Amino acid sequence: MSKLEQDAEVWQTTLKRSTLSLGLWSGSWLLSTALLAFGPRFLWQFDTLYSLLALMLNLGLGAVMIRANIRQVQAMDELARKIFLDAAAITLGVGLVCACSYGIMEDIRLISFEPDISHLMLLMGLTFLVGVLAGNRRYR
């Protein structure tokens with residue numbers, strides 16, 4: 001096996017490992033978010049200590065997930081990084097513009113409910129997914 005083939009194999013292994021790590025940490029953060037959202041009501045009857053512990057767990061897992069995301073981006077090749085960066089930029093823009101408008105909609109009585117962050121999280125997730133898919137289609 002040539003040096004180039006060995007380097008390619010090491011890169012693929014590193015990318016697979018970082019992808020798996022990102023998936024596991026993202027799933028852990030998601031579960032901790034569910035625990036933080038539903039635990040006080042259904043598991044510990046709004047006990048402050050347990051709520052603070054769940055919050056600390058959520059923030060800690062979120063920090064580890066962010067670090068795993070950084071490692072994932074560092075493991076990508078240049079084209080994958082460009083696709084990721086383009087999708088992230090679009091997501092940031094959509095999230096910021098929509099969050100500002102969405103937050104004001106209740107105040108000016110265009111909606112009758114209180115805006116919920118989960119709606120923006122869903123919008124941003126879908127925007128990022130579409131951005132990555134469009135980037136992959138465009139460049140491959």
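Source: prediction; values computed, not measured.
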> Can you give the donor-acceptor pairs under 3.5 Å from side chains of residues 56-67 to other protein atoms, not counting sequence neighbours?
unit_1	atom_1	unit_2	atom_2	d
Asn58	ND2	Ser32	OG	3.0
Asn58	ND2	Thr33	OG1	2.8

> For the CD atom on Glu78, are there more than 12 heavy atoms of other groups (residues, nucleotides or ligands in this structure) within a distance under 6.0 Å?
no
> Within this structure, what is the CD1-OG distance for the pair Ile70 and Ser18, rounded to the nearest 0.5 Å?
12.5 Å
> Applying the 4.5 Å side-chain criterion to the ILVMFWY set and letting contacts propagate, would Phe46 and Leu35 be lumped into a single cluster?
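In one cluster: no.
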> Tell me whether Val73 is reachable from Leu22 by hopping between hydrophobic residues (I, L, V, M, F, W, Y) whose side-chain heavy atoms are closer than 4.5 Å.
no
> To the nearest 0.5 angstrom, please state how far the SG atom of Cys98 sits from the CE atom of Met105.
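Between Cys98 SG and Met105 CE, I get 10.0 Å after rounding to 0.5 Å.
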> With a cut-off of 3.5 Å and sequence neighbours excluded, list every side-chain donor-acceptor pair involving residues 119-137.
unit_1	atom_1	unit_2	atom_2	d
His119	ND1	Tyr102	OH	2.4
Thr127	OG1	Leu123	O	2.7
Asn136	ND2	Val132	O	3.1

> Side chain of Glu5, backbone of Ser2: donor and acceptor closer than 3.5 Å?
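Yes, Glu5 side chain to Ser2 backbone: donor-acceptor pair under 3.5 Å.
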> Mind checking whether Ile111 and Ile117 sit in one hydrophobic cluster, side chains of I, L, V, M, F, W, Y counted as touching below 4.5 Å?
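Yes; tracing contacts between hydrophobic side chains, which count when under 4.5 Å, links both residues.
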> Side-chain donor-acceptor contacts of residues 37-44 below 3.5 Å, not counting sequence neighbours, with atom names and distances?
unit_1	atom_1	unit_2	atom_2	d
Trp44	NE1	Ser51	OG	3.0

> Taking all atoms of both residues into account, what is the closest heavy-atom pair of Met76 and Arg81, and its distance?
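In this case the closest contact between Met76 and Arg81 is O-NE, 3.4 Å.
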> Who else is in Leu85's hydrophobic cluster (ILVMFWY, side-chain heavy atoms under 4.5 Å, direct or via others)?
none
> In the structure I gave you, are the side-chain heavy atoms of Asp47 and Tyr50 within less than 4.5 Å of one another anywhere?
yes
> Does the side chain of Leu24 reach to within under 4.5 Å of the side chain of Trp29, using non-hydrogen atoms?
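Not touching, per the 4.5 Å side-chain cut-off.
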> Are Asn69 and Trp25 close enough, and set up right, to give a side-chain contact (heavy atoms from CB on, under 4.5 Å), and what steps lead you there?
CA-CA 9 Å; Asn69 197 17; Trp25 287 115; over 6 Å; no
> Is Phe113 linked to Leu110 within one hydrophobic cluster, defined over Ile, Leu, Val, Met, Phe, Trp and Tyr using a side-chain heavy-atom separation of less than 4.5 Å?
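Hydrophobic grouping puts Phe113 with Leu110.
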> Any pair with a residue in residues 104-114 that passes side chain to side chain donor-acceptor pair (under 3.5 Å), sequence neighbours left out, goes on the list, sorted by first then second residue, please.
none
> Tell me every residue that passes side chain to side chain contact (heavy atoms under 4.5 Å, CB included) with Lys82, counting only those two or more places apart in sequence or in another chain.
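Side chain to side chain contact (heavy atoms under 4.5 Å, CB included) list for Lys82, sorted by chain: Asp86, Tyr139.
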> Rounded to the nearest 0.5 Å, what's the gap from CZ on Arg71 to CG on Leu15? Could you check?
13.0 Å
